[in-house]
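In what follows, chains are A, B, ... by sequence order, proteins preceding strands, each numbered from 1.
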Amino acid sequence: MNYKKTLNLPATKFPMKANLAKREPEQLKMWNENRLHDRIREHSKGRDLFILHDGPPYANGHIHIGTALNKILKDIIVRSRQMAGFDAVYVPGWDCHGLPIEHNVDKELGDKKQGMSQTEIRRLCRAYAEKYIDIQREEFKRLGVMGEWETPYLTLDHEYEAIIAKELCKFAMEGSLFRSKKPIYWCCDCNTALAEAEIEYYDQASPSIFVRFLLKDDLSGDVPPLTGKKVFVVIWTTTPWTIPANLAIAFHPDFEYVAADVGNNEVLIMARELVEGCMKTFGISEFSIIADIRAKTLERKRCIHPLYDRESLIVLGNHVTLDAGTGCVHTAPGHGREDYEVGLEYGLDAYSPVDDNGLFTDEVGFFNGQFVFKANKEINAKLQENAALIAEEKITHPYPHCWRCKKPVIFRATPQWFISMDKTGLRKRSLEEIDRVQWIPHWGRERIYGMIENRPDWCVSRQRAWGVPITVFYCDKCETLLMNQEITDTIFEQLKKHGADVWLEKDAKEFLPDGAVCEKCGNSTFTKETDILDVWFDSGVSHAAVLEQRENLKWPADLYLEGSDQHRGWFHSSLLASVGTRGKAPYKGVLTHGFVVDEGGKKMSKSLGNVVAPKEVIDKYGAEILRLWVSATDYRDDIRISQNILKQLTDAYRRIRNTCRFILGNLSDFDPLKHAVHYESLPEMDRFALCKLAELIEKGREAYDKYEFHVIYHALYNYCTVDLSAFYLDTLKDRLYTSAPDWPQRRSGQTVMHTILDAIVRLMAPILPFTAEEVWKFMPERDGKEESIHLTSLPVADTAWKNRELAERWEQLLEVRGEVTKSMEEARAMKLVGHSLDAGVIISASSDKYEALKSYTDDLRAISIVSKLSFAHKNNEDKTVAVGNTAEVNETPVKVPENGDESLSVLVVPAPGNKCERCWICDPSVGTISDHPTICRRCRDALEYMGGL
RNA sequence: GGGCCUGUAGCUCAGUUCUGGUCAGAGCGCACGCCUGAUAAGCGUGAGGCCGAUGGUUCAAGUCCAUCCAGGCCCA
């Protein structure tokens, strides 16, 4: 007789091989056809909302591993909150305006751009953005990210553009929007402003000049050795043409400065460290240091400009270095970024007497109308004439050039629009709001607080084409801003209807009420601003354009989740945009993740060749592996990825998958309604398994709540490996396979396995949505079984399952099992046994242990998976073993192992009796059954019960 | 150069704050062995770390302090 056929071996069509790269797209298709997302929305109507507001990725290029990480994290959160009982609506978005798109369109156009209208270029930019939105949308969907992909929010939507304008108008009406000069990169040849990204550095020869400024204020009070001397401060510059715009000289507050007497009653002030070198350059061999001067002493003292009858203020700034020059830095706030910054602190004007073509204006007198670079020579001559030029050389250094025409660019102050941080208390209110937000990790608070505390006013204007215009008017005569509710409403309606292009196409008067006059000077003609807005303003108002607009969302959001760089970016601009107009932060919580780096912790770069593309991972392993990777790491730090790490994750995935598969195989004949065994009737071991499951569920739920997914990954994985595969399921096999199908010990095991699988599949669903769904479909049908795992909820642990006393008892049994397996290994090494069922075990225990364990003899035998297990008393004095009934053993004991636990030792012997052909357990009853001489009594009973006899 | 953060076995993570002492752990991987009734599976045993480095505080430091090194993000 073929007894194998009488066993209940696992049977399932659930494939062992995941074949994710192929199966995932099919699953996606199916979800799409079944309108799963819509069903989930309907299903959760009326629940509390949980809103994770999507930070819009930039609609340019394919997604990279960092974008994938971000979106998967969001998806895990949305799915887990959904399954925790919320209505978690996720509306993805895209950031569509801005320089990179315009720049790429520019590049594609080349010379064709000449003669094209602003509107035509904008149309191309729009098409470009839309193209990449479609590409990225598919890429995100492929990751298994669920959301309203059919109706995402786009910053280029007409309504969104209208809201951008409307929010800006609020700032204008409130009085925090103002116009002021600020230096920017400017190409005199292309006649255009340039962004940082459009600058290319090439080496260039420049003049290098040292100029002395006569100190106007008398310093002899503070520094007596200077009494009666002519004191000069010496500066160095490579752009003589900015000397006419000099308004200050900057000193470092911490450097040491000295006064060097160079004879002729003249004294030069420079940084001590640079004196020697400079004097050589100047050709001055005879000099003596006559005083040390602290920078603080010089602060706010005044020098006389070498060319004009004007003062130059001495200021302090940390940007001053000792790398070159004199340690006293020529400062023209209209022509340098740091100059501008330090100028702001001292209330200096961003003076820039240069026009769009790079020609000096008539303000500068002598050089009026000259091109700045050409004027260098003449300026030097003039300085020479005024005895201010101490030295003149040539220097080759990297200098910024225009990306398009490759000509050197200049830094030049032009009028820009700003949102003031302090005029209306925006800074103060924002700082207060920061403390009302939950920052995860907690240090996010320090980071953004420091930034808001120290940042300058927000420059919101850009001189570009692809963006939302700054929809304001200012008086032609006095430049006063004109803005009121009526104008705001008109602008909003116009943009909502026609998009932002309408601002360029229509005349100013179409937006202005009849008879509008400047409230300051009464003039009735106005300039329509044509600058566009900083794209950070676009995305910064998403709370208004999305959260407030859509009925299924709410304001403020529960959570914003982006990389930690967004403390400076979106979290920052969103906070300002919201506090400035609503007085409150647009989010209750902000979660940040780190950046993806390689296995060595180095950032990814093409040159290092360590870039991992999401597509490659998906094609090779599947999106589930990428998702598992996201869940496995503590994303608050940098996140490492490598082939090695992915390999490990595929192993882990297989283990989880196989565990599910094994359970499914053993549930093939299980109907939960008919066969489930009540908790009270379960054997202790099964109740212990449920106790472990309860621990897992609680840990998992708590971890989801705290967004600590790596805790779930580890808990789930360890549970599958340690608690299930290596213990419970392995032990259960005998019961499942050899019992008659309906025997209670088998149904008990199935009941518990079904409960376990139901729980772990729910627990993994937010992380592994594809696999969870696949398993779900193979699970036994029952009344009320949802059609999709994603329509269910997270598992709940029955309070009855938690039984500490029982758990402690069984942890002890597991320890004994550990002793047995150790001893088994020694017996194996001696070739005494192979399969553990070949062995019998005699455990010698001290009296207390003996009493505690004796009644668990059968359980211990089962969990040790040996054929026979018996107990003997142990004599602690002489460490000899008294085997109770040696007749059972038949063979000479091999060894008394020196176990770590002195009170317990294990003796492994060949199992008594013959091996049952059916259940493989050695038992004396084998051979005693006349019709079935190769099986044991238990198997005979099973066969009889099944009607096989 | 400044701000914020990170550094425990080959890998992924526990343990690290307020609350210093039985705290050096888990799983994987690896090595060796077993099984062939989860089989492109399953089980067992074992080896692996001077807790980034150096100083300090303390009776006692992975845990507190300082400095340094390496790395990340954001600024300059």
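Comparing the C1' positions of B:U19 and B:C64 gives an interatomic distance of 12 Å, to the nearest angstrom. Comparing the C1' positions of B:U67 and B:G46 gives a spacing of 41 Å, expressed to the nearest Å. Of the C1' atoms belonging to B:G48 and B:A26, the separation is 14 Å, rounded to the nearest Å. On the P atoms, B:U57 is 40 Å away from B:C74, given to the nearest whole Å. Taking atom P in both B:G25 and B:G15, one finds a spacing of 16 Å when rounded to whole Å. Rounded to the nearest Å, the gap between the C1' atom of B:U12 and that of B:U54 is 29 Å. For the P atoms, the distance from B:C11 to B:G49 is 14 Å, rounded to whole Å. Using P as the reference atom, B:C34 and B:G55 are 49 Å apart when rounded to the nearest Å.
The distance between the ring centers of A:Trp458 and A:Phe418 does not fall below 6.0 angstrom.
Aromatic ring orientation, A:Phe411 versus A:Tyr185: perpendicular (interplanar angle above 60°, classes split at 30° and 60°). Using the six-membered ring where Trp is involved, A:Tyr587 and A:Phe571 have ring planes that are perpendicular, over 60° apart on the 30 and 60° scheme.
Among the atoms of the strands shown, base atoms are found under 4.0 Å from some heavy atom of A:Glu917. Among the protein residues, A:Lys603 comes within range of the sugar-phosphate backbone only, with heavy atoms under 4.0 Å from sugar or phosphate atoms but none that close to a base. A:Val833 comes within 4.0 angstrom of nothing in the nucleic acid, heavy atoms only. Heavy atoms of A:Leu7 sit under 4.0 angstrom from at least one base atom. Here A:Arg445 lies out of heavy-atom contact (under 4.0 Å) with every strand. Looking at heavy-atom distances under 4.0 Å, A:Glu338 makes contact with sugar-phosphate atoms alone, never a base. Nucleic acid contact class of A:His710 (heavy atoms, under 4.0 Å, all strands): sugar-phosphate only. Here A:Asp634 lies in heavy-atom contact (under 4.0 Å) with sugar-phosphate atoms only. Across all strands, A:Ala652 comes closer than 4.0 Å to no nucleic acid atom at all (heavy-atom distances). Among the protein residues, A:Ser725 comes within range of the nucleic acid bases, having at least one heavy atom under 4.0 Å from a base atom. Residue contacts shown for A:Gly834 are limited to sugar-phosphate atoms, with no base heavy atom under 4.0 Å away. Residue contacts for A:Lys647: at a heavy-atom cut-off of 4.0 Å it reaches no nucleic acid atom on any strand shown. Within the nucleic acid shown, A:Gly601 comes within 4.0 Å of sugar-phosphate atoms alone, with no base atom in reach, counting heavy atoms only.
Taking side-chain N and O atoms only, A:Arg654 has no distance below 4.0 Å to OP1 or OP2 of B:A38. Contact annotation: A:Arg828 does not reach the phosphate of B:G44 (side-chain N/O to OP1 or OP2, under 4.0 Å). One finds a side-chain N or O of A:Lys733 lying less than 4.0 angstrom from the OP1 or OP2 phosphate oxygen of B:A38.
Pair assignment for B:G44: B:C32, on the basis of Watson-Crick or G-U wobble contacts that are both within less than 3.5 Å. Across all strands shown, B:C75 is found opposite B:G1 as a Watson-Crick or G-U wobble partner, with both distances under 3.5 Å. Both distances falling under 3.5 Å, in either a Watson-Crick or a G-U wobble arrangement, place B:G55 opposite B:C65. Pair assignment for B:A26: B:U12, on the basis of Watson-Crick or G-U wobble contacts that are both within less than 3.5 Å. For B:G49, there is no paired nucleotide, since no Watson-Crick or G-U wobble pair has both relevant distances below 3.5 Å.
Under a 3.5 Å cut-off, the side chain of A:Tyr704 and the backbone N or O of A:Leu763 do form a donor-acceptor pair. Within the 3.5 Å criterion, the main-chain N or O of A:Gly55 finds a donor-acceptor partner in the side chain of A:Glu562.
The side-chain ring of A:Tyr717 is not stacked on the base of B:G27, judged by centre separation under 5.5 angstrom and plane angle under 30 degrees.
Ranked by how close their nearest RNA chain B nucleotide is to the 5' end, A:Glu825 and A:Ala632 are led by A:Ala632. Between A:Arg636 and A:Gln648, the residue whose closest nucleotide on RNA chain B is further toward the 5' end is A:Gln648.
Taking the centre and axis of the six-membered ring of A:Tyr737, the NZ or CZ atom of A:Lys4 falls outside the cone set by 45° and 6.0 Å. Judged by the 6.0 Å distance and 45° axis criteria, A:Arg337 is not positioned over the aromatic ring of A:Tyr340.
Between B:C13, B:C43, B:U36, one nucleotide has an atom nearer to the side chain of A:Asp730 than all others, and that is B:C43. For A:Thr633, the side-chain atoms get nearest to B:C13 when compared with the rest of B:C43, B:C13, B:G46.
No hydrogens or angles were tested; on distance alone, a donor-acceptor pair under 3.5 Å links the side chain of A:Arg447 to the base of B:C73.
Tested against A:Arg746, the residues A:Asp686, A:Asp669, A:Asp734 include a single salt bridge (charged side-chain N to carboxylate O under 4.0 Å, His left out) partner, A:Asp669.
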